[in-house]
Amino acid sequence: MTAATHSTLFPRVPDSADAVLDGLDPEQREVATALHGPVCVLAGAGTGKTRAITHRIAYGVRAGILQPASVLAVTFTNRAAGEMRGRLRQLGAQGVQARTFHSAALRQLQYFWPKAVGGPLPRLVERKIQLVADAAAACRIRLDRNELRDATGEIEWSKVTQTVPADYAAAAAKAGRETPRDPAELAQLYAAYEDLKRDRSVIDFEDVLLLAVGILQDRHDIAEQVRSQYQHFVVDEYQDVSPLQQRLLELWLGERDSLCVVGDASQTIYSFTGATPDHLLDFRTRHPGATVVKLVRDYRSTPQVVRLANGLLAQARGRAADHRLELVSQREAAAEPVYTEYTDEPAEAEGAARRIRALMTDGVPASEIAVLFRTNSQSEIYEQALADAGIPYQLRGAERFFERTEVREAGAALRGAARFGANDSLLDDVVDLPSQVRAVLSTKGWTTEPPAGSGAVRDRWESLAALVRLAEDFARANASATLADLVAELDERAAAQHAPTVEGVTLASLHAAKGLEWDAVFLVGLAEGMMPITYAKTDEQVEEERRLLYVGVTRARAHLSLSWAVSRSPGGRPNRRATRFLDGLRPGSGATAGARAAGGTGGIERGTGGGAEPGGPRARRRGSRTPARCRVCGRTLTEAGEMKLMRCEDCPSDMDEGLYERLCEWRAGRARRIGQPAFCVFTDKTLIAIAESVPEEEGELARIPGVGQRKVRTYGTEVLAICAGQEVVDGDEGN
């Protein structure tokens with residue numbers, strides 16, 4: 001079974017219960033047919049767990065064993081719940097509830113609150129940070145922005161672990177948490193926060209679960225009403241269940257055992273939020289007669305990627321490691337993972353951009369490439385490197401697709417066209433669905449070719465183009481589909497936040513990448529101190545960092561690149577080393593049991609930076625041991641933005657304002673000509689650096705961070721002409 005046949009975008013609805021089982025491997029089929037009693041599915045990364053459990057539900061419904069309205073499937077994100085609902089719909093199992101824990105609990109609260117408590121449910125506060133700030137002010141505790149965020153995290157952890165303010169200090173010490181402030185002070189803040197919520201008659205997301213638990217514990221009549229509604233439960237990502245969620249699940253179940261849980265202890269990466277794999281690992285102890293099925297056939301990744309993933313876990317220690325799953329790739333062999341050591345972080349970012357450009361040249365779509373890092377603070381330097389290389393990118397966690405203005409407008413236009421049908425003159429003589437969609441969206445700015453415009457114009461076009469591609473995929477899978485069918489599909493996806501792909505390399509943290517996959521993955525910043533992160537002190541914390549890297553590795557289908565820098569900034573002391581997790585797995589790091597488990601890998605590479613010619617000015621600059629210093633005050637520079645300017649952000653600028661404006665005008669014209677956002681030509685900071693240094697020849701221009709030899713060859717003549725006061729019109733060379 002290939003990845004393509006393993007999962008299709010719009011599968012046809014099976015015509016019988018037995019047809020639901022077609023295409024499942026033996027272990028997946030065992031899951032799908034185990035419909036009675038407790039079931040525990042231990043599913044490794046890429047093994048088709050969602051496929052197995054959705055086919056299980058659909059088979060039970062289609063066979064008449066399960067009533068759709070009696071099934072509650074719960075998971076952890078709206079995206080995952082939406083994907084599950086979509087798959088169940090395609091399998092002919094409409095009516096099954098697939099929700100997050102919070103969504104299911106909130107729905108029950110809204111229904112039962114008037115009966116259990118009386119009056120309307122208090123208002124739900126989606127962002128609690130302002131309330132925490134107000135509570136801190138009431139306690140006369142001064143918190144900066146980062147401390148405020150950390151304190152909010154401590155309150156959330158306390159609530160999901162069912163810890164009250166008076167017990168916080170002891171519970172935090174027992175859990176080995178490094179608290180951002182004195183525990184007694186945080187306990188005071190937590191108590192004040194709870195008082196403030198009561199005074200304002202509001203609740204937070206954790207309260208939704210706590211209140212649902214409270215009502216079900218205190219009101220047996222309501223608990224029985226819920227249990228009569230839901231008689232069969234499925235829990236995805238069970239390794240991430242918190243004690244509070246486990247308690248809610250137990251109350252939903254009552255004395256019954258009609259429960260199926262799915263998880264992988266090796267993918268537990270959210271313990272800081274209260275998640276624990278103990279409920280998964282103890283499942284067979286709590287349910288001695290449970291059916292246990294292991295899914296280890298990996299349909300996502302090549303054997304080379306799988307060997308590295310298995311090797312990482314072979315070196316792991318602890319309870320989760322004792323229950324690790326040995327994955328077996330089902331794909332053809334491909335390239336070995338690439339390991340690269342760079343002189344500094346800017347060189348690493350530029351090296352990644354260079355490799356990404358090569359992959360795109362070889363035909364890998366930008367949307368099938370991801371750069372994954374340990375912390376969000378690492379993103380800026382990769383944004384900069386991709387922008388300098390003219391590579392479009394998108395930050396994971398940006399504005400949701402269906403909330404974009406252009407997508408809402410396009411949806412309204414498609415809905416109107418579907419309503420008027422043949423009476424819409426726009427659709428005269430247009431028969432097939434994709435052509436109808438193109439005709440409608442052409443009124444909203446879609447064209448057959450990308451626009452020659454600024455970033456916002458290009459972003460809008462990309463959103464509309466994603467809708468066109470979705471219509472084409474939908475029509476291929478449903479030959480008789482109408483515009484009304486597509487509109488219904490879009491509405492379903494909007495409700496589930498299941499967005500089509502917008503072209504662009506994904507930048508994301510390792511935590512944000514959980515549940516996603518790409519053809520090519522770049523794991524960057526894999527140096528000690530960042531992986532594992534410096535504040536991972538205990539054995540348990542270090543092992544969670546290893547699992548986080550494992551999650552990153554298993555996001556890759558075919559191409560995997562792992563890199564680290566021996567110093568932070570150009571010319572800095574090369575005192576860093578690659579993460580210990582790669583010892584014995586990467587070439588030259590010694591033979592270990594993990595290395596033998598992982599198998600052979602390609603040779604380690606050395607990188608100095610993207611776009612620099614060997615021995616050129618940029619390579620010579622990086623080869624020196626002189627640290628980057630502010631040219632105004634002399635302070636050593638460490639931040640990427642400051643190194644690009646070659647001065648501190650708050651040091652006075654001697655920029656030629658007129659030159660900067662001329663450069664901006666030239667850049668806008670250039671961007672229009674190549675059909676890319678302006679920042680893909682040069683970023684604002686690079687233009688500021690040029691306007692401050694006013695280079696006179698190519699060597700000086702190439703030494704400015706963000707330029708490099710490639711851009712000198714492409715834009716150097718024009719930029720130097722502008723710096724010399726010559727006229728260059730709309731990106732064309734002038735004299």
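The basis for the numbers below is simple: all heavy atoms, side chains too, and nothing from hydrogens, waters or symmetry mates.
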Do you know which two heavy atoms are closest between [X] and [Y], and how far apart they sit?
X: T163; Y: Y190; answer: O-OH, 2.9 Å
X: S301; Y: T554; answer: OG-O, 4.0 Å
X: G44; Y: L327; answer: CA-CD2, 3.8 Å
X: E545; Y: F581; answer: C-CE1, 3.7 Å
X: V39; Y: A34; answer: CG2-O, 3.6 Å
X: G119; Y: W113; answer: O-CD1, 3.1 Å

Quick one: are [X] and [Y] in side-chain contact, heavy atoms under 4.5 Å?
X: F283; Y: L259; value: yes
X: R79; Y: L516; value: yes
X: L244; Y: K159; value: no
X: I53; Y: M84; value: yes
X: Q239; Y: H323; value: no
X: E544; Y: R547; value: yes
X: H511; Y: R374; value: yes
X: V234; Y: R56; value: yes

From [X] atom [atom1] to [Y] atom [atom2], the distance as rounded to the nearest 0.5 Å:
X: L66; Y: S258; atom1: CG; atom2: OG; result: 7.0 Å
X: Q28; Y: T33; atom1: CD; atom2: OG1; result: 11.5 Å
X: L124; Y: D207; atom1: CG; atom2: CG; result: 8.5 Å
X: T276; Y: R319; atom1: OG1; atom2: CZ; result: 8.0 Å
X: I203; Y: L210; atom1: CD1; atom2: CG; result: 10.0 Å
X: D282; Y: R284; atom1: CG; atom2: CZ; result: 10.0 Å

Query raised in the report: Does one side chain, of Y238 or Q246, offer a donor that lies under 3.5 Å from an acceptor on the other?
Result: yes
Treating [X] as the side-chain partner and [Y] as the backbone partner, does any N or O pair qualify as donor plus acceptor under 3.5 Å?
X: R256; Y: R227; result: yes
X: Q97; Y: L72; result: no
X: R142; Y: R140; result: no
X: T579; Y: L582; result: no
X: E27; Y: R297; result: no
X: R555; Y: V551; result: yes

**Report entry** V241, V74, L253, L209 screened by side-chain contact (heavy atoms from CB on, under 4.5 Å) with L248, the one that passes
**Finding:** L209
Query - Check against salt bridge (Lys or Arg N to Asp or Glu O under 4.0 Å), D264 and K49 - result: CA-CA 10 Å; D264 178 10; K49 67 179 180 63; over 6 Å; no
Report task. Could you go through the salt bridge (Lys or Arg N to Asp or Glu O under 4.0 Å) check for D298 and R300 one step at a time? Result -> CA-CA 6 Å; D298 188 328; R300 175 188 300 158; 5.6 Å; no
Requested in this report: Run the numbers on L280 and T268 for side-chain contact (heavy atoms from CB on, under 4.5 Å), then give the verdict.
Outcome: CA-CA 11 Å; L280 175 67; T268 305; over 6 Å; no
Query raised in the report: Going by the angle between their ring planes, with limits at 30° and 60°, are W252 and F233 parallel, tilted or perpendicular?
Result: parallel
Report summary line: Residues at least two apart in sequence or cross-chain that pass side-chain hydrogen bond (donor to acceptor under 3.5 Å, both in side chains) with D240, listed by chain then number, are none
Requested in this report: Taking side-chain hydrogen bond (donor to acceptor under 3.5 Å, both in side chains) as the test, write out the residues that go with Q541, two or more places apart.
Outcome: T538
Report task. Kindly determine whether V208 and F101 satisfy side-chain contact (heavy atoms from CB on, under 4.5 Å), including the steps that lead there. Result -> CA-CA 10 Å; V208 170; F101 270 101; over 6 Å; no
Requested in this report: Apply the test salt bridge (Lys or Arg N to Asp or Glu O under 4.0 Å) to residues K128 and E156: give CA-CA distance (whole Å), side-chain angles for both, the deciding distance (0.1 Å), then the verdict.
Outcome: CA-CA 10 Å; K128 62 171 66 67; E156 291 174 348; 2.9 Å; yes
Query raised in the report: Can you check side-chain hydrogen bond (donor to acceptor under 3.5 Å, both in side chains) on D221 and Q225, steps first, answer last?
Result: CA-CA 6 Å; D221 57 329; Q225 193 172 342; over 6 Å; no
Query raised in the report: Taking everything shown except K294 itself, do over 12 heavy atoms lie less than 6.0 Å from its NZ?
Result: no
Query - More than 12 heavy atoms of other groups within 6.0 Å of Q67 CD - result: no
Query raised in the report: When you look at W564 and M530, which way does the side-chain contact (heavy atoms from CB on, under 4.5 Å) test go after all the steps?
Result: CA-CA 10 Å; W564 59 94; M530 190 58 74; over 6 Å; no
Query raised in the report: With R99, which residues qualify under salt bridge (charged side-chain N to carboxylate O under 4.0 Å, His left out), at least two apart?
Result: none
Query raised in the report: What do the steps show when you test Q108 against Q229 for side-chain contact (heavy atoms from CB on, under 4.5 Å), and what is the final call?
Result: CA-CA 11 Å; Q108 292 173 16; Q229 169 70 49; over 6 Å; no
